[in-house]
Structure formats: C-alpha cells, structure tokens
There are 2 protein chains.
Amino acid sequence: MPDTIHVALFDDSKAIRDSLGTLLGTTSGIGLCGCFPDAVQVLEKVAACKPDVVLMDIDMPGPLNGNGIDAVRVLHAERPDLPIMMLTVFGDEDRVYDSLRAGAVGYLLKNDDPSSLLEAIQDVHGGGAPMTPSIARKVMLHFQRQGMPKDAPAVILSTREKDVLQALVDGLSYKMIADRLDISFETVRSHIKHVYEKLHVHNSAEAVAKTLKGRLLG
Amino acid sequence: MPDTIHVALFDDSKAIRDSLGTLLGTTSGIGLCGCFPDAVQVLEKVAACKPDVVLMDIDMPGPLNGNGIDAVRVLHAERPDLPIMMLTVFGDEDRVYDSLRAGAVGYLLKNDDPSSLLEAIQDVHGGGAPMTPSIARKVMLHFQRQGMPKDAPAVILSTREKDVLQALVDGLSYKMIADRLDISFETVRSHIKHVYEKLHVHNSAEAVAKTLKGRLLG
DNA sequence: GCATCAATCCCACGTTCGGGGGAGGCTTGC
DNA sequence: GCAAGCCTCCCCCGAACGTGGGATTGATGC
C-alpha cells in the first residue's frame, strides 16, 4: 500500500497515545509506525520507524529542556523534508509559534474531532501547513517584515528625525537626547511624535524594534 | 453599534459585488460601508468609508497594473493595521502568495459558502489570518528560511523574562503584556525590573535595542 | 532541613511618555 | 508668491513607566 501515510507519535501522556494511536492505527490510509512517550534520541527513533509525518507533543518533559520544541529543532535540522506537526491544547499560541520557527509545519489541537486530525495529517503529507487564523497571523507578521529585500526604504525620515531615533536606539531619555543634540526637550518630543507617526508605532520600544529589524538607519 | 464590523468591498465584477454586498449588508454584526468596482485612489476611498476590514479582488483591471495586489501594497503601506483580505478563485495560489507578501493578511474563495466567508471576516477582524494549508506552507517555507545563527546567550534570562522581553520587542504596553501572558500587571513590572537589571538598561528602548543587537531571544 | 531562585503578586512615589493642540522662521519647488 | 516640508519651541494632561521597597509559593539543590 504505497499510499499509506506512516505516522510517528511522540507524547508523554498515555491517554493521548492510546486514543490517538488507536485512531491512527485503525484508519485506512494512515498507519502508526511508532509511538513514544518522550523525544530523547529522536533521530534514532525516527530513523528506526521511518515515518512520513511526525506528531510531536509540544509540552513534553525530558532532558531536552522541558518541551518538544527542541526535539523539533533537532529533527528538522537533520531531516528538513520530514513534516512535523505539533500536538497542543487550546490557547498555547506562543509555543505553537515557537514550534513553527523551530521547523514544524503545522499543528493540531488534542481535542479536535477525529476527522479534523486525519484531514490535517493528510494536508501535511500532501505538502500543506494546517494552522488556525490566529497562528497564521503571527507568522504573517514576521513574514511580511522581511518581505521586501531591497525595495524602497518605505519610510522617509528627515535628518533630525533619524538623529533622535538613533538616540532612542542608544537608550537615551528625551532629556538626554535634547542634551546630545543641543536642542530643547520640546523639540525632541516633536521629532519623536513625527517619527512615531511615520513608523506607525506608539512607544519607543516598538520604534526601536522596527528600526533595527527594518534597517532604517545607517 | 461598536461591535459591527464595517467592510469595504473592491471587485470589478458586478455580479460579485451584488451577491457579496447583499450577503454582507444583511448579516448582523457586519456592515458594508463601501463597495467599489476598482481600486483607483484606494486610499481616498478607504478614508471615506472607514472600514474595519477590506475585501479586495485579486484580479482587478485598472491603472494599477492589472490587479488588486498593487492596491494592497499602497493601502498596507499607509494603513498597516487595516486588515486586507483577498478575494480569489480556486487554484490561484501564486497570486495569493504575492498578495500576502504585499500585505494582505488572508484570503477567501469567491465560491466559498456564505458561513465560511463571514467566519473569515470575523477571523481577520479579530486579528487572525485565514488561509488554506497549502498557502500556509508556502509562507512557512520563507518564514523558516531565514533561520538565525545562534551565538552565545551572554545573559541568562528565565523563561518568563524572555516572554516579557519578547512582548516589549513587539511593542506591547505592560497592560497588554499582562493580558498576553495571562499574569497580573504587577508581575509584568516585576519581570521587567529583573530584565533591566540583568541587561543593565533603564528603559524599554534600550532593552529592545540590546535584545535585537545581541540576539538574546529566539 | 535549609538556602536559592523563579514566578507570582502588592504598594507608593516621582518621573517620563504619548498625543492633542499651536506657532514662527527657514528653505525648496512649482 | 505660496504651498510644503523641516526644524525649532511651547502648553496641557492623562497614561505609562522606572525604582524602591516588600510578600508568598513552589521547585531545585546541597
């Protein structure tokens, strides 16, 4: 049966392993080729059972610092073409996001209904990346941030505006900026107000982040 | 009615405008605030009808080089917080992908059933980014491509301290950080106090700068 | 058992920011 | 000439921040 999708499952919860394992093992078109309570020596385990798709619990205790994300990093580095899907619970978006950065291609909720799970596995095996809109949005933000390689500068700052922005990046307070540039406190505020408008930000931290990530300054 | 989502629709097909417009106009919780056959002067049109969400046909003729993607670019540059969703047909993945690069946050198929459309609009308005697995996978590839070289941490932050620091980099206020991490405002302040001590900084701008320059976070 | 530390929460206090105005002088370009 | 943009300065005012003290719980380590 060449069109059977072989799945390896990593989860420290026996209940999950049992229920998910049974579901996967009894579904036509999908076969459970390995089932593990931890991800130590994940490379060896994967090499042994040769899965097409890996399901990895996002929250697994173990020597790999307490979750499955490091296992994803290791596995993805070694086997970049092997799709990994995270198992998680509702509301754990930050770690899902970290997992995606580590190399996972998607995730599914442990309490999704069976048909969704199977559909997601087929999506992944078929080259897709199932994710919810809110996760997708986080990915999009980072994706678009570097979307423009060498395009227009996008934001045009005046000389003085660049000066105060640089000073912000250097961690100076408004008062210290005024001193460095030898202008009044109010002028500093005025420039910063304009910078915030142009960058579409609302505080110094965001301005600095956008500046450094977008290389707005020399 | 503060909980009504105001939608602006751009599509050159009268049939689509009529059917979609009627659907949106008659759904409670959603209001059609503008409906246009082209995207010329898109900024003015949007400014006039003040939508919460923009629906943009991906394939619209006009002076803006033949599709709605340039309109997205223009609109997103000026109004980065205004979510734009593309209207497309099945199998048009490359242009959907281009749209996402241009700043759209999601897309929907013109022949999706009405409930999916409405759900997607609500997703987008709620900060999500609805997309299909195959589109998501394309995004993921580029997203993971720019894996960063990991240097020495130099400074050891606890898990929670990294969380709040990341939130600072994202431009959030203390209040918003408390909300994101589901902890109290005071706890956020406490964590940030410790982060500042460890990084030897005295404000958020400096902390963000040191973080991004030193690659202290994943 | 005890020390340590991370993580959570609280209070008080002054300082700093952020956003909303406005205004005058200056150069640049149409 | 006049609009537009930049640079400079000023006011008000509320919200947010930074720093100084605490406290409690739980896990970890010796």
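These numbers were taken from a predicted model, which means no experiment stands behind them. Order of the sequence lines fixes the chain letters, A, B, ..., with proteins taken first and strands second; residue numbering starts at 1 for each chain.
Between A:Glu161 and the options A:Lys198, A:Gln166, A:His191, a side-chain hydrogen bond (donor to acceptor under 3.5 Å, both in side chains) holds for only A:Lys198. Residue B:Phe10 is tested with B:Leu87, B:Asp57, B:Val46 for a side chain to side chain contact (heavy atoms under 4.5 Å, CB included); the sole match is B:Val46.
At distances below 3.5 Å, not a single donor-acceptor pair connects side-chain atoms of B:Arg73 with backbone N or O atoms of B:Ser99. The main-chain N or O of A:Gly171 is found under 3.5 Å from a side-chain atom of B:Asn203 such that the two form a donor-acceptor pair.
B:Ser184 meets the side-chain contact (heavy atoms from CB on, under 4.5 Å) test with B:Glu186, B:Thr187; sequence neighbours excluded. Under the rule for a side-chain contact (heavy atoms from CB on, under 4.5 Å), the partners of A:Ala167 that lie at least two apart in sequence or sit in another chain are A:Leu172, A:Ile177, A:Arg180. A search for salt bridge (Lys or Arg N to Asp or Glu O under 4.0 Å) contacts involving A:Asp18 returns A:Lys14, not counting sequence neighbours.
The heavy-atom pair separating A:Ser204 from B:Ala205 by the smallest distance is OG-CB, 3.7 Å. Between B:Arg160 and B:Ile183 the shortest heavy-atom distance is NH2-CG2, 3.7 Å. Taking all atoms of both residues into account, the shortest heavy-atom contact from A:Val201 to A:Ala207 is CG2-CB, 3.8 Å. Closest non-hydrogen pair, B:Ala209 versus A:Leu212, comes out as CA-CD1, 3.6 Å.
Taking 4.0 Å as the cutoff to heavy atoms of chain B, we find the contact window on DNA chain D bounded by D:dA16 to D:dG21.
Residue contacts for A:His191: at a heavy-atom cut-off of 4.0 Å it reaches a base atom on one of the strands shown.
With rounding to whole Å, A:Ile177 atom CD1 is found 13 Å from C:dT16 atom P. Between the OH atom of B:Tyr174 and the C1' atom of C:dC17 there is a distance of 12 Å, given to the nearest Å. The CE atom of A:Met176 sits 11 Å away from the P atom of C:dT16 (whole-angstrom rounding). Distance, B:Leu165 CG to C:dA6 C1': 16 Å, rounded to whole Å. Between the NZ atom of A:Lys175 and the C1' atom of C:dG14 there is a distance of 11 Å, given to the nearest Å. Rounded to a whole Å, the CG atom of B:Leu168 is 15 Å from the P atom of C:dC17.
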Between the protein and nucleotides 25-30 of chain C, are there any N/O to N/O pairs under 3.5 Å, and if so, what are the atom names and distances?
none

Do any N or O atoms of the protein come closer than 3.5 Å to N or O atoms of nucleotides 10-12 of chain C, and which pairs are they?
{"from": "C:dA12", "atom 1": "N6", "to": "B:Arg189", "atom 2": "NH2", "distance (Å)": "2.3"}

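The residue among A:Ile192 and B:Asp182 whose nearest nucleotide of DNA chain C is located toward the 5' end is B:Asp182.
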